[in-house]
Amino acid sequence: MRNQGPCAIIFVMLDTHFVRSNLELVKKKVEAKGIPFADDRFVAIDQRRRRLLSDSEELKSRKNKVARETGFLKKSGAPTREMELRSIELSKQIGDLEKELAAVEAEFQDFLLNIPNLFHDSVPVGGDPGANEVLREWGDKPVFAFPPRPHWELGEDAGTLDFGRAAKVSGSRFAVYFDGLARLERVLVQFMLDVHTGEHGYREVLPPFLVNDASLVGTGNLPKFKDDLFKVEGYNLYLVPTAEVPLTNLHRDETLDEARLPLKYAAYTPCFRSEAGSHGKDIRGLVRQHQFNKVELLKFTTPDRSYAELEELTADAEAILKKLALPFRTTVLCSGDLSFSSAKTYDIEVWMPARADYLEISSCSNFESFQARRAHIKFKGRDGRKEFVHTLNGSGLAVGRTVAAIMENYQDAEGRVRVPEALRPYFGGRDRL
RNA sequence: GGAGGGAUGGCAGAGCGGUCGAAUGCGGCGGUCUUGAAAACCGUUGUCCCUUUACGGGGACCGUGGGUUCGAAUCCUACUCCCUCCGCCA
């Protein structure tokens, strides 16, 4: 196991050569994501950096030569003072150049780290969620003989959800579950993992729930999205915002064997998010909490297979909703709605009767080599060449939202909730919560 | 928390401050031999960056950062991680 310093080093999100020789394309794609791209600034920093680099390396080369010759002279007993002075002079010049270079390098890294991933050509171009495209819908929306109630009302009335006490114990945006509902959440985790490991071929992982900064840089959460994270005071540790972070970084700084790809992992973790900037949004219920449970699917694959793997991964997530008989639709996100790191994303949205609308319950993305570059994850092909892997992940599923969806879709006129058929074995055959 | 030991190439394991990017073994790759395989033998085998149309040239990297020196894998220092022992603790 290689140890890491507190700070991650040389991270490059897009290949600098690629950016350099495809400036127009990069600018176009970045700006289609709604983020300005200062191509002139890139060119300026890039040129300055390379100039300084070759200058200082030239001086180093001379210094190395002088030092070597000094060694030989010393051995033969000849005077070396003149050589030593020359070397000291060179060191001074190198020091000056390197100081300048370090500043430029930092600026360059910062610039690169803040360029989002480029979207795939199959992604619809558009500025807002209105440009997302619905690909398919599944299931029959339940018909009620009464107005369906929101899950938080059902829960609070039944005494199985308690937001008041959660606020006392922790604060806003937390929940306490009791009884059958607590069991439902636990059972769903197990059900999802059982399906993904048993039927879809994922390897089960139980990762740490605290991760260091290098891991977060690897997945693209840092440096740009620091405010979304909970940091542990006094430590270089953060609460995981998703299992994607520990799972992706499982193979940070590694070269994988192509013959063993794709690697498929499934993990349950709680997820912690500050939800900075979401004040007033989804304040009621289980939809937007500081802490929620999620089963995450993650794949490491070769570039040629990554889009086929994305389809499969999305189907794996959908399979859970099908087994639970929850109606859903799947959409492809447009360029403007894509996350920072993603090249293509499918959102799976579950039907929520009380709001009579769909709610995102899974997000399945192909990051291509974006995270692999940041986290240095490569594979070695049969020809012996090393190449960056592609990483993909998706929720399979967000558990709290699944609970909410079950409550609302399976409610009856008395405000009770039926247990979905597929979960009955986990409830000792019981059919009500 | 206290006391020690350690960190070198895919792995194992050397390395008087100066031709050390690094001996050696294993593994990997190519070849000879063989009907084939094994064995044996021969050769080969790190990553990143800058530059060059190319051949090539140059730089960095021996856990990480800083320092000493004309010159550092080798010396000093701080940090991180790992191992052993003691204490404490789910």
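The figures that follow rest on heavy atoms only: side chains count, while hydrogens, waters and symmetry mates do not.
Ionic pairing of A:E275 and A:R173 is not present here: no N-O contact between side-chain nitrogen and carboxylate oxygen is shorter than 4.0 angstrom.
Following rounding to the nearest Å, A:H376 (NE2) and B:C49 (P) show an atom-to-atom distance of 9 Å. When the C1' atom of B:U51 is taken as reference, atom CG of A:D46 falls 14 Å away, rounded to whole Å. Put simply, CD on A:E69 is 18 Å from P on B:G18, counting in whole angstrom units. If you measure from atom CG of A:L53 to atom C1' of B:A60, you get 10 Å, rounded to the nearest angstrom.
For an aromatic pair to be called close, the ring centres must be under 6.0 Å apart, and A:F300 with A:F388 fails this.
Contact annotation for A:T80: no contact, since no heavy-atom pair falls under 4.0 Å across all strands. When heavy atoms are screened at a 4.0 angstrom cut-off, A:K65 is found touching no nucleic acid atom at all.
On a pure distance criterion of 3.5 Å, a polar donor-acceptor pair joins the side chain of A:E57 and the base of B:G58.
Taking only side-chain nitrogens and oxygens, A:H17 never comes nearer than 4.0 Å to OP1 or OP2 of B:U51. At B:G71, none of the side-chain N or O atoms of A:R68 fall inside 4.0 Å of OP1 or OP2 (strictly under the cut-off). OP1 or OP2 of B:G59 has at least one side-chain nitrogen or oxygen of A:N64 nearer than 4.0 Å. Note on A:K63: a side-chain N or O is less than 4.0 Å away from OP1 or OP2 of B:G71.
Remark on RNA chain B: of its neighbouring residues A:R62 and A:K75, the 5'-side contact belongs to A:K75, judged by nearest-heavy-atom nucleotide.
With 3.5 Å as the limit, one finds a donor-acceptor pair spanning the side chains of A:D213 and A:N236.
Candidate nucleotides B:C50, B:G18, B:U47 were compared by shortest atom distance to the side chain of A:T70, and B:G18 ranks first.
Of all heavy-atom pairs spanning A:G396 and A:I320, the tightest one is O-CG1, 4.1 Å.
Checked by atom type and distance alone, the side chain of A:K231 pairs as donor or acceptor with a backbone atom of A:Y235 at under 3.5 Å.
Annotation: B:U80 and B:A73 have their P atoms spaced 24 Å apart (nearest Å). When the P atom is used for both B:U8 and B:C86, the distance is 27 Å, rounded to whole Å. Annotation: B:C62 and B:G57 have their C1' atoms spaced 25 Å apart (nearest Å).
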